[in-house]
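What follows is one structure encoded as structure tokens, with my remarks underneath.
Every chain is numbered from 1 and lettered A, B, ... according to where its sequence line falls, protein lines coming before strand lines.
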Protein chains: 2
Amino acid sequence: MSRFKTVRGMRDFLADEAQLLRYVEDRARKVATLYGYKEIITPIVESYELLSVKAGEEVRSRMFAFKDLGDRDVALRPEFTASVARLVAASFLDQPKPFRLFCVGSVYRYDEPQRGRYREFWQSNFELMGSNRPEADAEILLLTNSLMENAGLKDFTFKIGHVGVLRGIFNQERLDDRVQNQVMQLMDKKEYDDAFKVVQDTGAPENCLRVLRQLVELKGKADSNVVDLMRACVFDYENAIVATENLRQILELISKSGCKITLNVDAGFARGLEYYTGMIFEVYIPTLSIALGGGGRYDRLIELFGGESTPAVGVAHGIDRIMMAIQQQKIPLGTEDRKSGVVIPINEQSKAEALKIAEMLREAGLAVEIEIMGRKMAKALEDANRRKMNYAVIIGERELKEGTVAIRDLARREQKTVLIEKAVETINEMTAT
Amino acid sequence: MSRFKTVRGMRDFLADEAQLLRYVEDRARKVATLYGYKEIITPIVESYELLSVKAGEEVRSRMFAFKDLGDRDVALRPEFTASVARLVAASFLDQPKPFRLFCVGSVYRYDEPQRGRYREFWQSNFELMGSNRPEADAEILLLTNSLMENAGLKDFTFKIGHVGVLRGIFNQERLDDRVQNQVMQLMDKKEYDDAFKVVQDTGAPENCLRVLRQLVELKGKADSNVVDLMRACVFDYENAIVATENLRQILELISKSGCKITLNVDAGFARGLEYYTGMIFEVYIPTLSIALGGGGRYDRLIELFGGESTPAVGVAHGIDRIMMAIQQQKIPLGTEDRKSGVVIPINEQSKAEALKIAEMLREAGLAVEIEIMGRKMAKALEDANRRKMNYAVIIGERELKEGTVAIRDLARREQKTVLIEKAVETINEMTAT
């Protein structure tokens with residue numbers, strides 16, 4: 001047995017899983033193209049200061065942080081948004097808005113490993129920067145819907161809320177930022193009693209607590225009266241009302257667009273990252289308790305990173321989780337069923353010819369291996385059959401002399417000898433049927 | 001100005017560069033498919049022990065090493081081969097050989113940043129495990145040639161040598177492994193005088209030093225008499241002779257295969273990583289002093305990682321360097337010139353309709369943005385023109401009532417109003433010409 005293992009929380013993707021990961025990555029890239037998002041690539045190693053500036057305490061404490069050999073405090077990115085905000089603040093200064101940016105890659109958090117949760121995981125990330133309008137929020141929701149559809153998923157639903165509602169209440173009650181963040185994090189974990197206790201301890205009035213208790217119970221389909229109820233509930237809080245109206249506009253736009261997307265409003269919904277300022281959402285399938293993706297609006301982030309004031313809305317999709325969902329729902333990948341073949345040289349003399357013919361086939365777009373184990377023909381064919389290859393190209397003494405190859409259909413056990421220049425055509429005919 | 005920067009040695013890829021990187025990655029993946037290599041994905045964070053087991057001292061001292069929150073000694077991978085060897089040693093025990101494995105991603109070394117050299121860089125990596133035959137070495141050379149061709153590069157040449165020649169001499173002279181590695185590293189850096197001094201200090205005979213001095217001068221095209229001269233030079237060293245014969249077989253296979261590939265033999269060629277045991281090579285273009293890729297044979301590696309004895313040969317390609325080469329040689333990417341458009345709602349009422357029509361166009365495979373800045377039509381068209389978009393789809397009051405859209409060819413400044421269901425067809429016609 002090997003003495004070396006993957007580090008706890010890390011994992012390998014073998015061929016089938018790697019193919020599935022690349023499939024989801026491709027779907028995300030396709031959606032990015034269709035919606036006009038440009039791909040950028042940022043480093044995995046960033047300064048600790050950058051990554052911690054607006055991550056919640058929870059994420060901050062679980063970063064892979066260390067000093068590099070130059071004694072710099074660095075960390076592995078726990079998400080993409082800080083890196084994108086850094087880039088935009090530094091490099092996009094004079095460019096006309098909006099910016100539509102897409103990234104995909106691995107991110108790192110030192111969470112307790114469990115089913116579907118690793119310390120290295122994969123995300124696709126979309127940022128729409130420069131617009132504070134509801135149509136921007138709607139776009140991020142619609143493209144997430146589109147990615148789920150493009151990945152082939154069924155029965156997915158969105159949970160949607162608005163951080164501005166809670167923030168509006170907390171600000172009017174003059175809770176300081178630190179306390180607000182603590183309360184939001186407790187609410188994110190659905191630890192409502194603890195959250196309310198923290199609010200109570202600030203000396204907030206009973207009315208505030210009553211409103212909060214009502215809000216966390218308020219849930220309903222986007223086309224129900226849930227937003228009216230939210231508005232009625234927060235009627236003492238001016239900015240909370242503005243937030244519910246913003247949420248209403250976003251939901252109405254989507255509803256009127258006729259796009260089929262199942263939106264469940266959850267008035268007490270909060271998310272772990274501190275930088276959200278407006279609409280927030282997550283997307284789920286029924287059989288997985290973890291979200292496949294989530295995002296929202298964060299209008300002050302670019303400013304915080306030293307850039308000019310830039311409203312923004314974005315989303316991160318959990319590629320590993322989408323992979324799990326695809327496996328659970330048994331979605332066929334619809335990837336091309338590529339035929340495979342092997343070129344078998346019969347003896348030492350035909351080995352160079354085998355290389356030549358394999359190159360010729362590849363130039364015609366055929367995927368072929370070469371027999372390189374020095375096996376005799378019977379053994380080589382046995383191996384090709386075991387691996388369910390479609391055809392073998394056999395180069396023996398006679399063939400070498402005559403400028404021909406023997407092409408064998410492995411499933412039908414039929415073989416024909418053709419001129420080398422007819423090989424591609426013959427293989428294509430043979431594997432087409 | 002922003003207070004946040006990338007960490008020294010790290011960089012961002014903006015849209016054009018990111019597109020180029022993905023292009024090279026795609027080319028590598030295409031070559032992997034054509035040659036029958038399965039993609040696997042291994043973690044970026046591995047145990048320090050694993051990564052240092054056979055890396056040269058040079059690489060070892062420049063790893064991004066740290067302790068994770070569980071006090072484990074970990075590091076960011078400086079290359080792929082150790083990870084692949086770990087995986088094969090642990091998981092591929094009973095599977096029939098050969099294994100053809102492909103990986104692509106970022107690797108990390110704390111080198112001094114300079115033009116074309118970053119601390120995070122990108123590689124594609126091919127491993128062929130299970131065969132000790134020259135046709136396996138030839139395959140790795142040919143697929144590297146194929147990748148360079150597929151990327152569109154011109155005038156690239158291979159430098160090829162054989163570690164077995166030097167190892168054969170050193171073993172017969174009973175130099176210990178540590179000294180051998182030190183000498184190879186000095187030779188890799190072309191610090192021959194220092195290398196010979198180390199050999200001399202072991203008390204090696206004058207004949208050995210004479211042979212080494214001759215070897216480092218021996219260079220020539222693969223089809224010259226350079227291998228004969230190598231063989232003559234090392235005639236006192238049994239295993240060095242075996243190595244030259246192995247090199248001859250590899251070169252002859254490639255030559256007889258008729259594949260056009262420029263191979264320059266360099267008898268004194270060594271590579272920095274300690275694990276090579278046989279043929280080694282690098283690939284260059286004339287205008288770049290750094291190699292675009294390199295690899296070789298390492299027959300004892302899997303064993304060292306606790307797996308069963310498995311001869312292997314592999315190659316890593318420097319994606320960043322291939323990108324530089326493509327830029328220098330001004331290679332057109334040949335990627336699809338996708339038409340772009342923008343959907344412009346004229347007023348509040350047409351915004352939801354804009355979302356709907358954009359979704360319809362995307363479902364037909366068209367890449368469209370939506371105007372989300374609330375700009376008036378003239379401004380929105382100006383922005384679309386500035387960005388060299390191909391068409392605009394305008395949804396005004398009249399259109400909304402009549403179920404039509406106005407489609408504007410931005411280059412020709414022509415516009416026509418069509419029924420919504422004719423929009424895709426009209427855009428395709430307009431942008432086809």
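- B/E359 touches chain A through its side chain: at least one heavy atom from C-beta onward sits under 4.5 Å away, while N, CA, C and O do not.
- For the pair B/L69 and A/S61, the tightest heavy-atom approach, listed with the atom from each and the gap, is CD1-O, 3.6 Å.
- A salt bridge is defined here as a Lys NZ or Arg NE, NH1 or NH2 lying under 4.0 Å from an Asp or Glu carboxylate O, and A/R86 with B/D12 meets this definition.
- Between A/A15 and B/I40, the shortest heavy-atom distance links the atoms N-CG2, 4.1 Å.
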Give the intermediate values and the outcome of side-chain contact (heavy atoms from CB on, under 4.5 Å) for residues B/I370 and A/E139.
CA-CA 8 Å; B/I370 296 184; A/E139 176 168 313; 4.1 Å; yes
What verdict does the side-chain contact (heavy atoms from CB on, under 4.5 Å) test give for B/F92 and A/L14, after you've listed the backbone C-alpha separation in whole Å, the side-chain angles of each residue and the deciding distance to 0.1 Å?
CA-CA 11 Å; B/F92 284 39; A/L14 296 182; 4.0 Å; yes
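- Nearest approach of B/E369 to A/G36, heavy atoms of both residues: OE2-O, 3.7 Å.
- No other option in B/E252, B/K356, B/R119 has as many heavy-atom pairs under 4.5 Å with chain A as B/K356.
- Residue contact with chain A, scored on non-hydrogen atoms closer than 4.5 Å, involves the side chain of B/L128 exclusively.
- Your options are B/E308, B/R386, B/R22, and the one with the most heavy-atom pairs under 4.5 Å with chain A is B/R22.
- The parts of A/I44 that come within reach of chain B are both its backbone and its side chain, each placing non-hydrogen atoms under 4.5 angstrom from that chain.
- Looking at A/L366, the atoms closer than 4.5 Å to chain B (heavy atoms on both sides) all sit in the backbone: N, CA, C or O.
- Counting heavy-atom pairs under 4.5 Å between each of B/R387, B/E39, B/M10, B/K256 and chain A puts B/E39 at the top.
- When B/E353, B/K97, B/K38 are compared by the number of non-hydrogen pairs under 4.5 Å with chain A, B/K97 comes out ahead.
- Interface remark: A/E135 contributes backbone and side-chain atoms alike to the contact with chain B (heavy atom separation under 4.5 Å).
- In this structure, chain B has no heavy atom under 4.5 Å from any part of A/L143.
- The contact between B/A138 and chain A is made entirely by side chain atoms (from C-beta outward), counting heavy-atom distances below 4.5 Å.
- Within 6.0 Å of CG on A/D16 lie no more than 12 heavy atoms contributed by other residues, nucleotides or ligands.
- The ring-ring contact (aromatic ring centres under 6.0 Å, His included) test applied to B/Y35 returns no partner, not counting sequence neighbours.
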How far apart are the C-alpha atoms of A/R338 and B/L34, what are their side-chain angles, what is the distance that settles it, and do they pass the side-chain contact (heavy atoms from CB on, under 4.5 Å) test?
CA-CA 10 Å; A/R338 199 181 259 278; B/L34 290 175; 4.2 Å; yes
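- Using a 4.5 Å cut-off between heavy atoms, A/L361 makes no contact with chain B at all.
- When each of B/E17, B/R29, B/E371 is scored by its heavy-atom pairs under 4.5 Å with chain A, the top score falls to B/R29.
- Residues B/L355 and A/S257 share a closest heavy-atom pair of CB-CB, 3.7 Å.
- Of the two parts of A/S340, neither the backbone nor the side chain holds a non-hydrogen atom closer than 4.5 Å to a non-hydrogen atom of chain B.
- Shortest non-hydrogen contact noted between A/F4 and B/L304 is CE1-O, 4.2 Å.
- At least one donor-acceptor pair closer than 3.5 Å links the side chain of B/S131 to the backbone N or O of A/I372.
- For B/R362, the parts lying under 4.5 angstrom from a heavy atom of chain A are both the backbone and the side chain.
- In this structure, the portion of A/V53 lying under 4.5 Å from any heavy atom of chain B is its side chain and not its backbone.
- In this structure, B/D68 and A/F64 approach most closely via the heavy-atom pair CB-CE2, 3.9 Å.
- With a 4.5 Å cut-off on non-hydrogen atoms, A/M360 does not touch chain B at all.
- Scored by the side-chain hydrogen bond (donor to acceptor under 3.5 Å, both in side chains) test, B/E49 finds A/R3 as partners (sequence neighbours excluded).
- Neither the backbone nor the side chain of A/I302 comes within contact range of chain B, judged by heavy atoms closer than 4.5 Å.
- No donor-acceptor pair under 3.5 Å is formed between the side chain of A/Y108 and the backbone N or O of B/V45.
- Both the backbone and the side chain of B/V104 come within contact range of chain A, with heavy atoms under 4.5 Å apart.
- Heavy-atom distances place the side chain of A/E25, and not its backbone, under 4.5 Å from chain B.
- Between chain A and the options B/S83, B/G258, B/P96, B/A136, the largest number of non-hydrogen pairs under 4.5 Å is found for B/P96.
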